[in-house]
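Inspection log for the structure reproduced underneath, given as structure tokens.
Naming convention: chains lettered A, B, ... in sequence-line order (proteins, then strands); numbering from 1 in each chain.
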Amino acid sequence: MQKLIDLLSGEVSAAFQQAGYDPAYGKVTVSGRPDLGEYQCNGAMPAAKVYHKAPFQIADEAAQALRENPAFLTVEAVKPGFLNLRLSPAFLSDYLNAMTVADHFGLDGETRPKTIVLDYGGPNVAKPLHVGHLRSAIIGESIKRLYRYFGNNVIGDIHMGDWGLQMGLIIAELRERQPDLPYFDDAFSGPYPEKAPFTISELEEIYPTASAKSKVDEDFARKAHEATYLLQTGNPGCTALWKHIMAVSVADLKQNYGKLDVSFDVWYGESDAEPYIAPMLQDLKAQGLLRESDGALVMDVTEEGDAKEMPPCILVKSDGATLYATTDLATLSQREQCFRPDKVLYIVDKRQSLHFEQVFRAARKGGIVRPETELQHIGFGTMNGKDGKPFKTREGGVMRLERLIAEITDFVTEKVRENQIVSADEVDGTAQKIAMAALKYGDLSNLATKDYVFDLDRFAAFEGNTGPYILYTIVRIKSILSRYGKEATRILPPETAEEKDLMLSISRFSDHLQAAYRDSAPNVLCAYIYELSGAVNKFYHETRILTEEDANRQAGYIALISLSRRILETCIALLGFSAPEKM
RNA sequence: GCGCUGGUAGCUCAGUUGGAUAGAGUGACUGACUACGAAUCAGUAGGUCGCAGGUUCGAAUCCUGUCCGGCGUACCA
């Protein structure tokens, strides 16, 4: 279905052509001056230069040609050369009625759907999720849903950090604590125990301890590097221990992501790329792309015209172990072979942008991905506290994700109880939905690329531009619909300003969705539903729906708010949360 | 040093790819519940868009310079 703005541009372009000008000047945009018009066209001003005429004259000629057009209520040419347009009420309601019955509200998806691998989440095994992981999960989940809504085949891959030095650190620490375990006995030949020699909470304590120790204890650091090497070269004891770490960790991760309503299609990690490393290195070597530097094996990725210095990509460290860039490249090789993606999209902290630029260049140079495979890194900013510094707990430690979620949920639960709208057995479920909306909307409404201030008090306040505001709007609509008790689908031409504004807002659904999709920008979607919710609330305030005496008129109102509700619920689903029945 | 990125109301942020009088929220002040839910709505106050040049009919937006902040800059991830 053609977008309203394109439909209007078509009409105005035809008018420009009819008046003897290039139709390209007939591009219509949403008016920046709602007091003067709903849409505007500025084409007469650039056209004036080409045709050596007064811009107003050109605009006026176009206006004359549009005089009889049924799409417009008014067409006015004003001062320098603006063309101000107001839509005919019947034209607008017709458009909305078409949206009501159209698939995806008339949104045009991809004509040629793509296969996309989405790399997000990126948790480290054996480490608790903290607020830093929140952004990748929330933004990635939303982008995944957005891409799918446009018809693409998206494979969400959690890409766990399960293969680096961190694993060696844990293994080395375990060895110091429990040296008698069979995993450390080279002579051990029987089957290893099925039960892990640790719990998830022990694991979560072991890593930071080991990490801190390696920084002050050289001998321990050496042991950790050695354990990393042993693991990566298939030592049976290390491998068995690693499997325990994985099992315990993954179970915990699934539970945590489940709470966030974030799900992955594949749970691969860096370790899954391991089989691809050796053939990849061999291939790169055969191509003559690798060289030795200070004992390490590196690949140059500088390109003609580089303004900055581009360090080479290190693929094998001087101690023989592989690292981040190696596994990322091997993972690309794996993805290319398993999925043949048209695009690989990474939702990872923006501080890693140099790393990704190196990896992307290396992947292209080494022929690891096809030339047409699109590689993109969407880097997000840091989540800061109110002081503008990276978010910490009041005690100054790293805020665990579980605790953050618990704090918001507790606050919301209190509020839901106070309001006494929902019954006691529904309080928890309702509070969970509201908390999720507050948390996710609070994050997604900011530009992903920028750092943002996470202020629990502000998000929890629920006033103004927040997730709960959106939910409240939906809940209000639901309440009226259930009281009305019938279906209605026929929207009538608007009679009041509030009604027309709401309809205009609805009509712009596709525009905003496409912008959000094009830029992978959930904040665009947030801005849209905030505007739409505002329009709904204003309309709601000015219109008595249930006491309306004209039954036909009333059914029109119901049809209008039903469509509003469907669109709002569709959008919040794309953002990754949902509305309760009451709140 | 080099590179990337940001600087818009007291605070937190938008700004539809160059358009008319720069918008929201929050905080402050003032109104609207014997009306479908007041987690709402209406209004007042608050701005040299970091600074200086330039490009043109027109700049928060594009170019140049400059100041301030954040981040990155080969064997962590």
Mind checking the [atom1] distance from [N] to [M]? Whole angstroms is fine.
N: B:C62; M: B:G19; atom1: P; answer: 11 Å
N: B:C68; M: B:U8; atom1: C1'; answer: 16 Å
N: B:C2; M: B:A22; atom1: C1'; answer: 35 Å
N: B:U61; M: B:A20; atom1: P; answer: 13 Å
N: B:G10; M: B:A45; atom1: P; answer: 15 Å

Does [X] reach a base, just sugar-phosphate, or nothing at all? Heavy atoms under 4.0 Å.
X: A:Ser353; answer: nothing
X: A:Asp519; answer: base
X: A:Pro46; answer: base
X: A:Val316; answer: nothing
X: A:Lys582; answer: base
X: A:Met310; answer: nothing
X: A:His225; answer: sugar-phosphate
X: A:Val453; answer: sugar-phosphate

Do any side-chain nitrogens or oxygens of [X] fall under 4.0 Å of OP1 or OP2 in [N]?
X: A:Thr547; N: B:A35; result: no
X: A:His541; N: B:A35; result: no
X: A:Tyr469; N: B:C41; result: yes
X: A:Arg476; N: B:A38; result: yes
X: A:Tyr472; N: B:A39; result: yes
X: A:Lys538; N: B:A42; result: yes
X: A:Lys386; N: B:U12; result: no
X: A:Arg351; N: B:C4; result: no

Whole-Å distance between [N] [atom2] and [X] [atom1]?
X: A:Ile470; N: B:G37; atom1: CD1; atom2: P; result: 20 Å
X: A:Ile474; N: B:A39; atom1: CD1; atom2: P; result: 16 Å
X: A:Ile58; N: B:C57; atom1: CD1; atom2: P; result: 14 Å
X: A:Asn537; N: B:A32; atom1: CG; atom2: P; result: 20 Å
X: A:Asp319; N: B:A74; atom1: CG; atom2: C1'; result: 14 Å
X: A:Phe82; N: B:G18; atom1: CZ; atom2: C1'; result: 11 Å
X: A:Phe462; N: B:G25; atom1: CZ; atom2: C1'; result: 16 Å
X: A:Arg508; N: B:U16; atom1: CZ; atom2: C1'; result: 10 Å

Can you tell me whether the side chain of [X] and the base of [N] have a donor-acceptor pair closer than 3.5 Å?
X: A:Asn446; N: B:A14; result: no
X: A:Ser31; N: B:A20; result: no
X: A:Asp349; N: B:A77; result: no
X: A:Gln40; N: B:A20; result: yes

Can A:Glu569 and A:Arg565 be counted as an ion pair, charged N to O under 4.0 angstrom?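 Yes.
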Give me the ring orientation class for A:Tyr25 and A:Phe16: parallel if the planes are under 30° apart, tilted from 30 to 60°, perpendicular past 60°.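 A:Tyr25 vs A:Phe16 ring planes: tilted.
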Look at the aromatic rings of A:Tyr530 and A:Tyr469 and report parallel, tilted or perpendicular, splitting at 30° and 60°.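 If you compare the ring of A:Tyr530 with that of A:Tyr469, the planes turn out tilted.
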Nearest heavy atom decides the nucleotide; on that basis, is A:Tyr540 or A:Tyr452 closer to the 5' end of RNA chain B?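 Final value for this comparison: A:Tyr452.
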Which residue lies more 5' along RNA chain B, comparing A:Val30 with A:Pro312 via nearest heavy atoms: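 On the 5' side of the pair lies A:Val30.
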Quick check for you: among B:U12, B:G25, B:U26, whose closest atom lies nearest to any side-chain atom of A:Asn465?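 Minimum distance to the A:Asn465 side chain belongs to B:G25.
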Can you tell me the pairing partner of [N] across any strand shown, Watson-Crick or G-U wobble, with both distances under 3.5 angstrom?
N: B:G72; value: B:C2
N: B:G10; value: B:U26
N: B:C62; value: B:G54
N: B:U16; value: none

Atom [atom1] of [X]: over 12 foreign heavy atoms under 6.0 Å:
X: A:Lys582; atom1: NZ; answer: no
X: A:Lys27; atom1: NZ; answer: no
X: A:Glu418; atom1: CD; answer: yes

Whether A:Lys213 engages the ring of A:Phe220 as a cation-pi pair (distance to the six-membered ring centre under 6.0 angstrom, angle to the ring normal within 45°) should be assessed.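 The answer is yes, since A:Lys213 meets both limits relative to A:Phe220.
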Can you confirm whether A:Leu289 sits close enough to A:Lys365 that some side-chain heavy atom of one is under 4.5 Å from a side-chain heavy atom of the other?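 SC-SC contact between A:Leu289 and A:Lys365 confirmed.
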B:U5, syn or anti by chi within 90 degrees of zero: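 Here B:U5 takes the anti form, which means its glycosidic angle is more than 90° from 0.
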